[in-house]
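All ligand and atom numbering here is 1-based and tracks the order in the structure.
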Amino acid sequence: MSQTIVVKIGTSSLTNTETGDLALSTIARLVETLTRLRRAGHRVVMVSSGAVGVGCARLDLQERPRQIALKQAVAAVGQGRLMRVYDDLFTSLQQPIAQVLLTRSDFVQRQSYVNASNTFSELLNLGVIPVVNENDTIAVEELSVGDNDTLSALVANLIEADWLFILTDVAQLYSADPNADPNAKPIYVVEDLQELQQLQVKASDSRSGWGTGGMSTKIEAARIATGSGVRAAIADGKIPENIPRILQGEAIGTRFEPHAAPSSARKRWIAYGLVPKGKLYLDAGATKAICQLGKSLLAAGITKVDGRFMQSEAVQIHNHDGCEIARGLVNYSSWELQQIQGCRSEEVPAILGYQGADTVVHRDNLVLLP
Ligand code: GLU
């Protein structure tokens with residue numbers, strides 16, 4: 001069966017950590033594997049880091065720049081080099097590729113989000129493998145995704161992928177630090193991410209100093225992916241040939257089982273495309289109303305409002321225990337909500353001095369999280 005597959009590869013797998021040179025044999029095997037998957041009828045997207053790392057090597061810089069403008073300049077040098085290498089390798093197998101550079105704002109703005117989704121769809125229909133990276137050269141700190149683990153999960157959500165593979169410098173997660181604890185056990189399948197918190201899962205974090213994300217961004221990426229209905233896997237970046245084996249069900253790496261996807265593309269966007277600007281805390285009655293009865297959120301059930309946001313912006317919705325249970329678009333600003341929280345809907349016009357929406361978050365704009 002044809003599947004839509006996103007494969008993320010990090011700088012630590014793409015480069016030789018000692019010399020900073022490209023790990024050409026790994027890249028070549030990745031290119032062969034992805035091309036083979038394409039020829040088998042799968043739709044394949046690659047998310048590749050390495051612009052900054054390759055730019056540093058090209059410019060003979062000894063460490064990853066911290067200053068933003070320098071990092072952006074170095075990324076501009078490296079991104080071109082990186083694409084040249086990929087295009088040469090993929091072209092020798094007659095596999096066309098495309099460069100897609102995205103920033104956080106492309107996910108936040110509904111129009112750009114829809115455009116990006118349509119572009120991916122056309123590229124995949126054409127049999128192209130899109131090669132995605134963050135547009136580091138122009139991304140503004142507050143509007144950048146920041147790490148490619150998260151970016152790959154956002155892309156998987158955007159294109160409604162079946163699988164997200166995060167290739168990295170650890171083969172899988174362990175129940176404890178395998179270097180320190182002889183009883184540490186490999187984790188092959190994660191049914192529910194809550195299990196990981198209980199186990200205090202360990203996986204030695206990226207040590208190279210060239211990549212951006214550690215294991216926590218990978219787990220966060222798995223949370224976004226599985227919450228979007230995408231099955232995720234963390235696997236060894238040095239053995240890309242494992243991807244088809246994992247697809248066939250072999251127990252390699254760590255696999256994260258997906259939850260039911262939000263019911264529409266728009267709800268996927270609300271849940272994971274947007275950046276929430278604040279938090280609403282609910283009492284038990286409101287939690288039950290939205291979680292079990294599928295109702296809209298009313299002012300009466302809100303016990304606390306955090307953050308500053310405008311009407312129509314996205315917020316995180318927490319239950320009385322403080323756990324995030326939903327995300328949604330609000331019909332009132334944080335300033336208005338502070339005045340009407342806990343009040344019955346009939347009282348709202350008198351408090352605000354005008355008639356607003358009947359609901360604080362309408363159920364059409366409300367997405368429950370797993
Ligand atoms: N976009 C960055 C780059 O290409 C990588 C971010 C990351 O390492 O996650 O260098």
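Side chain to side chain, Gln339 and Tyr332 fail the donor-acceptor criterion of an N or O pair below 3.5 Å. Gln311 and Glu336 share no side-chain donor-acceptor pair at under 3.5 Å.
Geometrically, ligand 1 and Asn148 share a nitrogen or oxygen pair separated by less than 3.5 Å. Close N/O approach between Asn133 and ligand 1 is found [any backbone or side-chain N/O within under 3.5 Å]. Not one N or O of Gly53 is nearer than 3.5 Å to an N or O of ligand 1, by distance alone. The N/O atoms of Gly50, backbone and side chain alike, include one that comes under 3.5 Å of an N/O atom in ligand 1.
No heavy atom of Ala75 sits closer than 4.0 Å to any atom of ligand 1.
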Notebook entry, point to check: Would His320 and Thr287 count as a side chain to side chain contact (heavy atoms under 4.5 Å, CB included) if you check the C-alpha gap in whole Å, the side-chain angles of each, and the deciding distance to 0.1 Å?
Noted result: CA-CA 8 Å; His320 42 289; Thr287 302; 3.7 Å; yes
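Taking every non-hydrogen atom of Ser49 and a distance limit under 4.0 Å, the qualifying atoms of ligand 1 come out as 4 (O), 5 (C), 7 (C), 8 (O), 9 (O). Within the listing of ligand 1, atoms 9 (O) sit less than 4.0 angstrom from a heavy atom of Asp147. Residue contact check: Val52 has heavy atoms under 4.0 Å from atoms 3 (C), 4 (O), 10 (O) of ligand 1. Close contacts between ligand 1 and Asp136 involve ligand atoms 1 (N), 2 (C), 3 (C), 4 (O) [criterion: under 4.0 Å to a heavy atom].
Relative ring orientation between Tyr113 and Phe107 is described as perpendicular, the plane-to-plane angle rising above 60° on a 0-90° scale split at 30° and 60°.
A salt bridge between Glu220 and Arg223 is present, with a side-chain N of the basic residue lying under 4.0 Å from a carboxylate O of the acidic one.
In the displayed structure, Arg363 atom CZ is contacted under 6.0 Å by at most 12 heavy atoms of other residues, nucleotides or ligands.
For Arg344, the salt bridge (Lys or Arg N to Asp or Glu O under 4.0 Å) partners are Glu346, Glu347, not counting sequence neighbours.
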